[in-house]
Amino acid sequence: MGASLPQARSSTGVPPGRKGPRGEILIELKRAQPRTAKELATKLAVSLNAIRHHLKELEAEGLVEYQRQHRGVGAPVFAYRLSALGDGLFPRRYEATLLEFLDHVVAQEGREVAVRVLETHYASLARRLKVELVGAPPAQRLEAVARALADEGYMAEWQGAGVGTLGTLTEHNCAIHAVAERFPELCAAEARFLEEVLGAAVDRRAHILEGCSSCEYHVRFAEPIRAKFPEETV
């Protein structure tokens, strides 16, 4: 019997100085929002009263906000999400310095040169990963790419479904959000990078720049994604 393929996660990207239950709440809201207090309590295995207390404290700090939502019959629920201040706690890799540098390149050499500079980062990362992943199965490729992106602050994780050919790669944080807003070509470069390194068809189904809480890629391989390689468990 083939082994099932569990979800594989990389670095959580805990905001500096935000460990413990409140840090976990911020991370869960970063991964999927909005969420109710009950949903957070279930996910984190913490009492509902404790979650409500922590949410109240986070709201007082201006890190979370809520809105009333109607979900079926009954009274509306309070659905929580990160505020702009709360979202800003998560890693932003040298955004200000990078933007200043890119503005200088645009002024001196033009926008196309600045875009090529950004693309070279993915080209360099692709070269390194392709050497590491020669002959690797899909699960190993997904794991390596998610780990590399998590190391750069993207809070990346991956999923596969049994021995099917479809996997999912999700980035819960954009480490250079302001740069991507100014140079959206960077997002296209990322998609090309993923296709090249994974050796698979990649389809972006959610995009942070379009207001989604994460960037989600559906990855379709020609061969099955197997949990065990090269042998399956019996």
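Taken to the nearest 0.5 Å, the CG atom of L133 stands 9.0 Å off from the CZ atom of R128. Distance check: W158 CH2 to T168 OG1 gives 10.5 Å after rounding to the nearest 0.5 Å. The CG atom of L48 sits 8.5 Å away from the OG1 atom of T42 when rounded to the nearest 0.5 Å. We find the CE-CG distance between M155 and L149 to be 13.0 Å, quoted to the nearest 0.5 Å. Remark: D87 CG to N173 CG distance equals 7.0 Å, nearest 0.5 Å. Distance CG/N49 to NE2/H54: 11.0 Å, rounded to 0.5 Å.
Without hydrogens or angle criteria, E28 side chain to L40 main chain gives no donor-acceptor distance under 3.5 Å. At least one donor-acceptor pair under 3.5 Å links the side chain of E39 to the backbone N or O of T36. Between the side chain of S124 and the backbone N or O of H121 there is no donor-acceptor pair closer than 3.5 Å. Side chain of R35 to main chain of L29: no donor-acceptor pair is present (N/O by atom type, distance under 3.5 Å, no hydrogens or angles).
In the hydrophobic clustering of this structure, L99 groups with V115; members are Ile, Leu, Val, Met, Phe, Trp, Tyr whose side-chain heavy atoms approach within less than 4.5 Å, directly or through other members. Cluster annotation: V202 and L209 are assigned to distinct hydrophobic clusters (Ile/Leu/Val/Met/Phe/Trp/Tyr, side-chain heavy-atom contacts under 4.5 Å, transitive). Both L186 and L98 belong to a common hydrophobic cluster when Ile, Leu, Val, Met, Phe, Trp and Tyr are linked at side-chain heavy-atom distances under 4.5 angstrom.
When every heavy atom of A148 is checked against every heavy atom of L129, the shortest pair comes out as CB-CD1, 4.2 Å. Taking each heavy atom of V106 and A114 in turn, the nearest pair found is CG2-CB, 3.7 Å. Here the closest non-hydrogen pair linking A222 and T165 is O-CG2, 4.4 Å. L169 and A146 make their closest contact through CD1-CB, 3.8 Å (heavy atoms, listed as atom of the first residue, atom of the second, distance). Of all non-hydrogen atoms in C215 and I208, the two that sit nearest each other are SG-N, 3.4 Å. The minimum heavy-atom distance between A32 and S213, with the atom names listed, is CA-OG, 4.4 Å.
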What verdict does the salt bridge (charged side-chain N to carboxylate O under 4.0 Å, His left out) test give for D203 and R220, after you've listed the backbone C-alpha separation in whole Å, the side-chain angles of each residue and the deciding distance to 0.1 Å? CA-CA 8 Å; D203 179 22; R220 187 170 297 279; over 6 Å; no

When you look at F90 and L82, which way does the side chain to side chain contact (heavy atoms under 4.5 Å, CB included) test go after all the steps? CA-CA 11 Å; F90 288 85; L82 294 175; 3.9 Å; yes

Applying side chain to side chain contact (heavy atoms under 4.5 Å, CB included) to V117 and F183, what does each step give before you reach the verdict? CA-CA 11 Å; V117 169; F183 298 91; over 6 Å; no

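Using a 4.5 Å cut-off on side-chain heavy atoms (C-beta onward), I176 and Y154 make contact. Contact annotation: the side chain of V145 never approaches that of R141 to less than 4.5 Å [non-hydrogen atoms, C-beta and beyond]. When side chains are defined from C-beta on, L142 counts as touching F221, because their heavy atoms get closer than 4.5 Å. Residues V46 and P21 fail the side-chain proximity criterion, which asks for heavy atoms closer than 4.5 Å. By the 4.5 Å heavy-atom criterion applied to side chains, L102 and L118 are counted as neighbours. Counting heavy atoms from C-beta outward, R204 and C187 have side chains that approach closer than 4.5 Å. Side chains of E185 and R111 form a contact here, defined as non-hydrogen atoms less than 4.5 Å apart. Using a 4.5 Å heavy-atom threshold, the side chains of R116 and E109 count as separate.
A donor-acceptor contact closer than 3.5 angstrom is absent between the side chains of Y122 and E196.
Each of K30, E216, E157 was evaluated against H172; a single residue qualifies, E157, per the side-chain hydrogen bond (donor to acceptor under 3.5 Å, both in side chains) test. With respect to Y217, the side-chain hydrogen bond (donor to acceptor under 3.5 Å, both in side chains) criterion is satisfied by exactly one of R205, H207, E171, E190: E190.
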Considering only distance and modelled atom types, tabulate donor-acceptor pairs under 3.5 Å from the side chains of residues 56-67, sequence neighbours left out.
unit_1	atom_1	unit_2	atom_2	d
E61	OE1	R18	NH1	2.7
E61	OE1	R18	NH2	2.9
E61	OE2	R18	NH1	3.3

